[in-house]
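Counting convention: from 1, in listed order, for ligands and their atoms alike. Computed from a predicted model, the values in this text were never measured in an experiment.
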Amino acid sequence: MPIILAIESSCDDTSAAICKDGKILSNLIATQKVHEEFGGVVPELASRAHIQKIVPVVDTAIKQAGIQLTEVDAIAFTQAPGLIGSLLVGAQFAKSLATSLDKPLIAVHHMQAHVLANLIDDPAPSFPFLCLTVSGGHTQIVRCNSPYEMEVLGETIDDAAGEAFDKSAKLLGIPYPGGPLVDKYAQAGDPHKFKFPEPNIPGLNFSFSGLKTSILYFLQQQKQANENFVAENLPDVCASIQHRIVSILLRKLKKAVDETGIREVCIAGGVSANSGLRNTLQEYAAKYGWKSYIPAFQYCTDNAGMIAISAYYKFLQNDFEDLQTTPSARAEW
Ligand code: KG4
Ligand code: ZN
């Protein structure tokens with residue numbers, strides 16, 4: 001029954017988790033507030049905040065799990081992809097701890113971990129399954145054959161889905177990160193009030209940059225006619241933007257299901273918290289006979305629980321790293 005301590009520090013959340021025999025005992029996430037006033041993540045500030053938070057976060061995760069540090073069998077960390085300064089803090093901390101405890105080190109790919117977050121709680125999808133991973137930095141459709149074998153079927157060629165939410169929010173004067181607030185306002189709005197274009201991208205790839213431009217021009221035009229346009233139409237604008245982002249995502253997910261014949265369908269990443277996406281996934285599942293899965297919210301946004309579960313499967317295969325290993329901002333899949 002291996003006990004694994006996992007650390008996630010790829011962007012602006014400092015997180016530590018303890019997993020025992022594939023069950024998550026604790027999952028601590030310290031969000032960095034320091035970026036809010038800048039309207040986006042400032043990499044250098046993120047690295048410094050990780051340095052300040054990593055010791056108390058790991059300490060609390062151990063206490064909450066009810067274990068002793070000496071009981072830990074392996075130390076896992078996010079190796080890639082992410083902000084290099086942020087990754088370095090987690091990697092160095094993990095290496096130091098592994099050295100001092102004389103325990104093996106496990107390196108985890110952040111995007112693969114988002115996919116495997118679906119295995120944390122029951123009911124879990126059976127293999128092979130498809131996963132739409134939608135976060136502030138990534139948008140991918142992944143085919144997962146086993147915890148050790150995954151393939152990217154499609155991904156964004158420009159902005160990520162979360163960025164599309166956040167950039168739209170910025171144009172509407174909503175503070176960063178705007179995704180959750182767009183979702184909130186959208187709930188009181190009419191998703192068909194305003195029409196935004198759906199891009200025509202080949203295969204299973206996505207594009208969101210054209211949508212952002214069309215929203216910018218639309219708002220400029222509307223504000224010329226009525227300077228209070230945004231204030232008077234916020235719920236309808238948010239609902240219409242959300243509707244388009246969700247329809248872009250689900251159309252490609254359906255294409256992936258049709259092409260692969262796989263009907264076990266998961267979503268993961270911070271944007272899977274979006275109510276429009278969750279509801280539409282359920283509608284598609286009912287309509288097309290899919291079985292759909294969404295991890296608990298704490299395992300959707302960046303978290304060390306997903307790093308721990310991924311590390312657990314690597315532990316079972318003795319897939320360890322030596323201390324020379326280095327993090328990478330952009331990782332090969
Ligand atoms: O996975 P995550 O926590 O971090 C990254 O790896 O990027 O995802 C953060 C993204 C942000 O863009 C945020 O606006 C978006 O997820 N997000 C949402 C919602 N909750 C978080 N977007 C739309 N609706 C939500 N409810
Ligand atoms: Zn992420």
Side-chain angles (χ1 to χ4, degrees), residues 6-15 17 27 29-33 35-36 39-41 43 46 77-83 86-87 90 108-118 131-140 142 155-156 159-172 174-187 189 191 208 211-212 235 238-250 266-281 294-307 309-310 329-331:
I7 291 156
E8 151 64 33
S9 70
S10 64
C11 189
D12 62 339
D13 291 304
T14 316
S15 182
N27 180 41
I29 305 169
T31 304
Q32 302 177 357
K33 295 272 173 235
H35 309 286
E36 271 168 20
V41 178
F77 68 101
T78 305
Q79 187 173 38
L83 300 171
S86 294
L87 288 167
V108 174
H109 191 293
H110 181 89
M111 297 311 296
Q112 294 184 356
H114 269 304
V115 174
L116 296 184
N118 284 286
C131 183
L132 171 70
T133 311
V134 270
S135 73
H138 299 274
T139 303
Q140 290 183 328
V142 174
E155 60 192 331
T156 183
D159 290 349
E163 261 178 303
F165 272 107
D166 296 341
K167 288 181 176 175
S168 307
K170 200 169 180 178
L171 295 173
L172 294 167
I174 296 172
Y176 174 86
L181 281 172
V182 171
D183 187 0
K184 191 176 150 213
Y185 294 126
Q187 290 177 26
F208 289 100
L211 176 64
K212 180 186 63 193
C238 287
S240 302
I241 292 171
Q242 178 167 301
H243 169 73
R244 179 51 73 220
I245 295 173
V246 170
S247 81
I248 293 171
L249 293 170
L250 265 294
C266 307
I267 56 174
V271 181
S272 54
N274 183 265
S275 59
L277 180 59
R278 295 171 89 97
N279 293 340
T280 316
L281 178 71
I294 309 173
F297 182 67
Q298 62 165 324
Y299 304 125
C300 279
T301 53
D302 284 351
N303 69 91
M306 68 185 193
I307 305 302
I309 192 82
S310 309
R330 292 178 183 279

A student checking ligand 1 against Asp166 at a 4.0 Å heavy-atom cut-off should list atoms 11 (C), 12 (O), 13 (C), 14 (O)
In ligand 1, the atoms that come under 4.0 Å of a heavy atom of Thr301 are 1 (O), 3 (O)
Compute whether any side-chain donor of one residue and acceptor of the other, for Ser275 and Gln187, lie under 3.5 angstrom apart. yes
Distance-only N or O hit between ligand 1 and Gly178, under 3.5 Å: no
Considering only heavy atoms of Val271, which atoms of ligand 1 have at least one such atom less than 4.0 Å away? 15 (C), 16 (O)
Provide the number and element of each atom of ligand 1 under 4.0 Å from a heavy atom of Gly162. 12 (O)
Per-atom contacts, ligand 1 versus Gly136 - under 4.0 Å to a heavy atom: 5 (C), 7 (O), 8 (O), 9 (C), 10 (C), 12 (O)
Could you grab the protein N, O or S atoms closer than 2.8 Å to the Zn ion (ligand 2) for me? His110 NE2, His114 NE2, Asp302 OD1
Answer yes or no: is there a side-chain heavy-atom contact under 4.5 Å between Val115 and Cys266? no
The single option from Asp13, Thr301, Asp12, Asp302 passing side chain to side chain donor-acceptor pair (under 3.5 Å) against Thr31: Asp13
Among all protein heavy atoms, pick out the one at the shortest distance from atom 4 (O) of ligand 1; state its residue, atom name and that distance to 0.1 Å. Asp302 OD2, 3.4 Å
Protein contact of atom 24 (N) of ligand 1 - nearest heavy atom, named by residue and atom, plus distance: Asn274 ND2, 2.9 Å
Atom 19 (C) of ligand 1 has as its nearest protein heavy atom Pro180 N, 3.8 Å
Side-chain donor-acceptor pair under 3.5 Å between Thr133 and Gln140, yes or no? no
State whether a side-chain donor-acceptor pair under 3.5 Å links His138 with Glu155. no
At what distance, to the nearest 0.5 angstrom, does CD of Gln112 lie from CD1 of Ile307? 10.0 Å
Considering the heavy atoms of Ser135, write down every atom of ligand 1 situated less than 4.0 Å from one of them. 1 (O), 5 (C), 6 (O), 7 (O), 8 (O)
Starting from atom 1 (O) of ligand 1, locate the nearest protein heavy atom and write down its residue, its atom name and how far away it is, to 0.1 Å. Gly270 N, 2.9 Å
For atom 22 (N) of ligand 1, closest protein heavy-atom neighbour: Gly179 CA, 3.5 Å
Polar contact flag for Asp183 and ligand 1 (N/O pairs, less than 3.5 Å): yes
Which pair of non-hydrogen atoms, one from Cys11 and one from Ser86, has the smallest distance, and what is that distance? O-OG, 3.3 Å
Tyr185 and its side-chain contact (heavy atoms from CB on, under 4.5 Å) partner, picked from Asp183, Val182, Leu181: Leu181
Could you tell me which atoms of ligand 1, counted from 1 in the order shown, lie closer than 4.0 angstrom to a heavy atom of Gly137? 7 (O)
Who pairs with Asp159 by salt bridge (Lys or Arg N to Asp or Glu O under 4.0 Å), at least two apart in sequence or on another chain? Lys167, Lys212
Counting only nitrogen or oxygen atoms and a 3.5 angstrom limit, does Ser275 reach ligand 1? no
